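In this text the structure is predicted, and so the values were computed from the model without any measurement. First listed ligand is number 1; within each ligand, the first listed atom is number 1. Below, each value reflects all heavy atoms present in this structure, side chains not excepted, and no hydrogens, waters or symmetry copies.
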Amino acid sequence: MKLDDVLRHRLLERERQHLLRYRQQMCGPQRPEVINQQQAMINFCSNDYLGLANHPAVIRSFQQASRNHGVGSGASHLVCGHHELHNQLEEALAAFTGYEKVLLFSSGYMANLGVINALTTKGDYILQDKLNHASLIDGGLISQAQFRRYTHADIGQLEKRLQNCSPEQHKLVVTDGVFSMDGDIAPIPELVNSVTKHDAWLMVDDAHGFGVLGATGKGIIQHFGLSPEQVPILVGTLGKAFGTYGAFVAGSKMLIEALIQFARTYIYTTALPAALAAASLTSLRLIQEESWRRSHLQQLITFFRHEVSLQGWQLLPSYTPIQPVLVGDADRCVQISHQLQKRGFWVTAIRSPTVPQGTARLRITFSAEHTMEQVEQLIDALANIKGLQEPL
Ligand SMILES: *Cc1c(COP(=O)(O)O)cnc(C)c1O
């Protein structure tokens, strides 16, 4: 059979299920007011939670560093791509998080694939929360180790699975800190207890919590007051609250040395441009200095939840900038997203296979750069759409 014929069939099937995805072309910087398909809109689907992607100081650092150090890094870290700016960022992140060492990766996806596979091999056992990010799940799928998932946040089930392991087996338990499509926070203290009891290793991906959670933005670790010993493998990303690009792993000296030797997604890829490391250093400073960004964000979240639940929409138990509105039916969810778009609000409909079938949702995200008025306007639009009877 011709490749294109096979693909046409698969694509038609996906369209029939109302699951076809489209790219919307935006122009200009990432910020609340954007131009999407030539229409001015307020953006409620970015992960730029602290509004740093377009921050003048971050831009300036990026410009200066690229003027001084060029754009491309030229090679992987182990050849000649490891720049002093990468090193500075790693040291600054280690100092900020309180971990011994940090290693930069080119993206969160690569960090997760690389770490899981550097730490496990045939005979080992990987256990993951069912709602973990695709990059963690994929890390488990490509691993030689045995890979199983446990029901979302179900510590009882996790413990049962851990009990069934043989004592000699290495066991890696992996969870999102903040679940990316639900916005809820993993029960990390309970996970710490379980892994301690069963002699397993805990890896937490704090892509959505880092910079946002905790009094000074240290993320999930600070939120729960946990130590590096309790969460020995911490992943953070720079493309979300940092407003830049890239990712890092924090851990012991031994962990980082092992990753440099064994993480294939670290070894066999071009290093992140040094100018991005410079921009991220500035973001890190702003995360610490501008705590108003976190408090403003929290105000927006509280207000939104209060008003929208009064309207009868179904919210999920999330107190993070990820505020999904559960719709259920994929087609209906897309329709509501279009209704919002017509009113000037950009909110993505998230459907299967990103989330389980029948749990399609509007994934609304907030940024510290949103004004209270913009959130009020979104709330009004949701009330208005709720009031429409026929079209939905
Ligand atoms: C976004 C995300 C990633 C991937 O990070 P990138 O740097 O975008 O590749 C990994 N894990 C989680 C939980 C995420 O939300």
Margin query: So for ligand 1, is H208 a polar contact partner (N or O within less than 3.5 Å, distance only)?
Written below: yes
One finds that the ligand 1 atoms under 4.0 Å from a non-hydrogen atom of N112 are 10 (C), 11 (N)
With heavy-atom distances below 4.5 Å as the criterion, would you say the side chains of H223 and I185 are in contact? yes
Closest to atom 5 (O) of ligand 1 among protein heavy atoms sits G108 CA, 3.3 Å
**Q.** Lys/Arg-Asp/Glu bridge criterion (N-O < 4.0 Å) met for D154, K130
**A.** no
In L316, I336, V347, L315, the residue satisfying side-chain contact (heavy atoms from CB on, under 4.5 Å) with V325 is L315
| query | Between K101 and E91, is there a salt bridge with N-O shorter than 4.0 Å? | reply | no
Tell me whether R10 at atom CZ has more than 12 heavy atoms from other residues, nucleotides or ligands lying less than 6.0 Å away.
no
*asked:* If the threshold is 4.0 Å, N to carboxylate O, is there a salt bridge linking E13 and R16?
replied: yes
Only residue of K2, R8, H9 satisfying side-chain hydrogen bond (donor to acceptor under 3.5 Å, both in side chains) with D5 is R8
*Heavy atom of S135 under 4.0 Å from ligand 1?*
yes
Quiz item: Near Q163 CD, under 6.0 Å, is it more than 12 heavy atoms from other residues, nucleotides or ligands?
Solution: yes
The single option from V195, L234, T196, L226 that satisfies side-chain contact (heavy atoms from CB on, under 4.5 Å) with L202 is V195
Atoms of ligand 1 under 4.0 Å from any heavy atom of S180, numbered from 1 in the order shown, are 15 (O)
At under 4.0 Å between heavy atoms, what of L238 touches ligand 1? The answer is neither
Any heavy atom of A247 under 4.0 Å from ligand 1? The part involved is neither
task: Run the contact test for K240 against ligand 1 with a 4.0 Å cut-off on heavy atoms, strictly below, and give the result.
output: yes
For atom 4 (C) of ligand 1, the closest protein heavy atom turns out to be Y109 N, 3.6 Å
Closest to atom 12 (C) of ligand 1 by heavy-atom distance, out of N132, V178, D205, T237, is D205
S107 heavy atoms within 4.0 Å reach ligand 1 at atoms 7 (O), 9 (O)
If we number the atoms of ligand 1 from 1 as shown, the ones under 4.0 Å from a heavy atom of A207 are 2 (C), 11 (N), 12 (C), 13 (C), 14 (C), 15 (O)
D176 heavy atoms within 4.0 Å reach ligand 1 at atoms 13 (C)
